[in-house]
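A short worksheet on the structure shown next.
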Amino acid sequence: MKLAGRTILITGGSAGIGLAFALKFLELGNEVIVTGRRREVLDAVKARHPKIHTIQSDIADPKQIAALAARVRAEFPALDVLMNNAGVGAAINLKTPASDLAALTSEVDINLGGVIRMTSALVDVLTANHGTIINVSSGLAFVPLPSNAIYSATKAGVHAYTQSLRFQLEDSGVEVIELMPPAVRTDLTDEFAEHGISMISTEKLIKLSFAALKAGKAEIRPGSSQQLAFLRRLAPNFIGRQLWKSSKEMVPAAAA
């Protein structure tokens with residue numbers, strides 16, 4: 001992947017992994033746009049990093065995605081990189097009925113639906129500019145973390161979608177990359193640390209990921225994600241059981 005002189009849109013880029021990538025891309029001489037749901041967080045990012053463009057948008061909302069795409073076409077016609085990064089995750093108890101069936105699939109709407117809709121909304125622009133799509137899934141696409149069943153399922157979905165997208169776009173000039181991080185120390189993974197699940201820093205993730213991007217890798221498995229992929233083939237029951245042991249206490253208690 002060409003790493004400089006690009007116009008890059010990163011969803012969920014106001015914090016965590018997304019912001020870390022935004023800052024690295026900015027450092028390398030790219031024009032960077034980040035999106036997020038919270039205006040105050042975006043304003044804080046803009047205050048600290050004035051060269052980053054910020055746009056408030058919720059990728060769970062198809063109307064907001066359509067508005068975002070229209071704005072990007074008007075203000076950033078040279079867009080040639082889309083990084084679908086926005087995501088949420090939570091542990092869930094699957095043994096009892098959910099009180100809110102609509103909320104039950106919110107992770108699907110954001111983590112998987114957002115990737116699909118964002119890609120569709122901008123695929124013609126990216127094709128015209130011979131661009132790059134980077135979809136962020138997870139090492140959990142290979143082996144689910146049982147406590148975070150829906151999150152893991154969405155990441156497996158992103159993995160399958162990205163593989164199909166790569167085939168369909170192979171003659172279009174659009175490069176399709178999948179980034180599959182392991183657990184990374186961010187606000188999203190605070191609970192992992194409390195239960196002894198090993199994580200890497202965002203700095204380490206950036207170092208490994210950009211080395212792989214520079215080398216032209218289409219599927220990037222930093223850190224333990226590579227081991228998860230290997231163990232999924234070698235000993236799927238063993239690694240699944242180990243992840244269950246590590247995450248069992250994270251499952252919320254059933255409501256009284």
Side-chain angles (χ1 to χ4, degrees), residues 1-14 16-36 42 45-46 49-59 62 64-87 112-137 158-159 161-181 205-220 222:
M1 175 184 171
K2 180 186 172 187
L3 297 176
R6 314 292 296 269
T7 301
I8 302 170
L9 172 64
I10 304 176
T11 65
S14 61
I17 291 173
L19 181 57
F21 270 87
L23 294 177
K24 183 63 178 179
F25 277 126
L26 191 67
E27 177 188 318
L28 293 173
N30 298 285
E31 186 167 28
V32 179
I33 311 117
V34 301
T35 73
L42 290 168
V45 169
K46 185 68 175 178
H49 311 288
K51 291 185 178 180
I52 291 181
H53 305 282
T54 60
I55 301 176
Q56 185 177 14
S57 183
D58 183 353
I59 65 163
Q64 291 193 42
I65 289 177
L68 171 63
R71 180 171 174 181
V72 167
R73 292 169 193 277
E75 297 181 15
F76 304 99
L79 180 81
D80 60 352
V81 179
L82 169 63
M83 184 172 183
N84 285 309
N85 164 77
L112 180 56
V115 170
I116 295 169
R117 293 181 182 121
M118 281 296 302
T119 301
S120 183
L122 291 168
V123 68
D124 56 339
V125 177
L126 295 164
T127 300
N129 293 331
H130 302 288
T132 300
I133 298 170
I134 305 173
N135 289 338
V136 180
S137 62
V158 170
H159 177 52
Y161 170 75
T162 303
Q163 289 180 310
S164 298
L165 182 68
R166 187 177 295 120
F167 280 119
Q168 290 205 25
L169 295 182
E170 64 183 356
D171 297 323
S172 70
V174 176
E175 181 181 25
V176 178
I177 297 170
E178 183 176 3
L179 172 62
M180 314 181 81
L205 176 66
I206 292 297
K207 180 179 179 180
L208 294 172
S209 299
F210 274 83
L213 289 170
K214 186 176 181 180
K217 299 286 187 181
E219 191 170 291
I220 302 171

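In what follows, residues are counted from 1 in the order of the sequence shown.
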Quick check: does any side chain N or O of Thr119 sit under 3.5 Å from a backbone N or O of Val115, one acting as donor and the other as acceptor?
yes
Backbone N/O of Ala218 and side chain of Arg166: donor-acceptor pair under 3.5 Å:
yes
Separation between OG1 of Thr132 and CD of Glu175, rounded to the nearest 0.5 Å
4.0 Å
Validation row: Pro77, Asn129 side chains within 4.5 angstrom (heavy atoms)
no
Checking Leu23 now: which residues fulfil side chain to side chain contact (heavy atoms under 4.5 Å, CB included) with it, not counting sequence neighbours?
Leu19, His49, Ile52
Which pair of non-hydrogen atoms, one from Thr54 and one from Val45, has the smallest distance, and what is that distance?
CG2-CG1, 4.5 Å
Is the shortest side-chain heavy-atom distance between Arg73 and Asp124 below 4.5 Å?
yes
Got a second to check how far Thr127's OG1 is from Asp80's CG, nearest 0.5 Å?
12.0 Å
Spatial distance of atom CG (Leu26) from atom CD (Glu31) [nearest 0.5 Å]:
10.0 Å
Flag if over 12 foreign heavy atoms under 6.0 Å of NZ, Lys46:
yes
Residues Ile206 and Lys24: closest non-hydrogen pair is CG2-CG, 3.9 Å
As a quick check of understanding, evaluate side-chain contact (heavy atoms from CB on, under 4.5 Å) for Ile133 and Leu169, giving each step before the final call.
CA-CA 10 Å; Ile133 298 170; Leu169 295 182; 4.0 Å; yes
How would you list, by chain and number, every residue that makes a salt bridge (charged side-chain N to carboxylate O under 4.0 Å, His left out) with Glu219, sequence neighbours excluded?
Arg221
Report the distance from atom CD of Gln168 to atom OH of Tyr161, rounding to the nearest 0.5 Å.
8.5 Å
For Arg117, the salt bridge (charged side-chain N to carboxylate O under 4.0 Å, His left out) test, sequence neighbours excluded, returns none
Phe21 and Ile8: CA distance, side-chain angles, deciding distance, side-chain contact (heavy atoms from CB on, under 4.5 Å) verdict
CA-CA 10 Å; Phe21 270 87; Ile8 302 170; over 6 Å; no
Begin with the C-alpha distance, continue with both residues' side-chain angles, and end with the deciding distance and a verdict on side-chain contact (heavy atoms from CB on, under 4.5 Å) for Val123 and Val174.
CA-CA 9 Å; Val123 68; Val174 176; 5.7 Å; no
Which atom of Ser137 lies closest to which atom of Pro181, heavy atoms considered:
O-CD, 3.6 Å
Identify the two heavy atoms, one from Gly114 and one from Ile65, that lie closest to each other, and give their separation to 0.1 Å.
O-CD1, 4.5 Å
Which heavy atom of Val34 sits nearest a heavy atom of Val32, and at what distance?
CG1-CG1, 4.1 Å
Please name all residues satisfying side chain to side chain contact (heavy atoms under 4.5 Å, CB included) with Val72, sequence neighbours left out, ordered by chain then number.
Leu9, Leu68, Phe76, Leu79, Leu122
Listed partners of Thr11 passing side chain to side chain contact (heavy atoms under 4.5 Å, CB included), at least two apart:
Thr35, Ile59, Asn84, Asn85, Ala86, Met118
Interatomic distance, CG@Asn30 vs NZ@Lys2, rounded to 0.5 Å, equals 8.5 Å
Just how far is it from atom OG1 of Thr7 to atom CD of Glu75, taken to the nearest 0.5 Å?
12.5 Å
Looking only at heavy atoms, which two atoms of Arg71 and Ile55 are closest? And how far apart?
NH1-CG2, 3.7 Å
Sorted by chain and residue number, the salt bridge (charged side-chain N to carboxylate O under 4.0 Å, His left out) partners of Glu170 (sequence neighbours excluded) come out as none
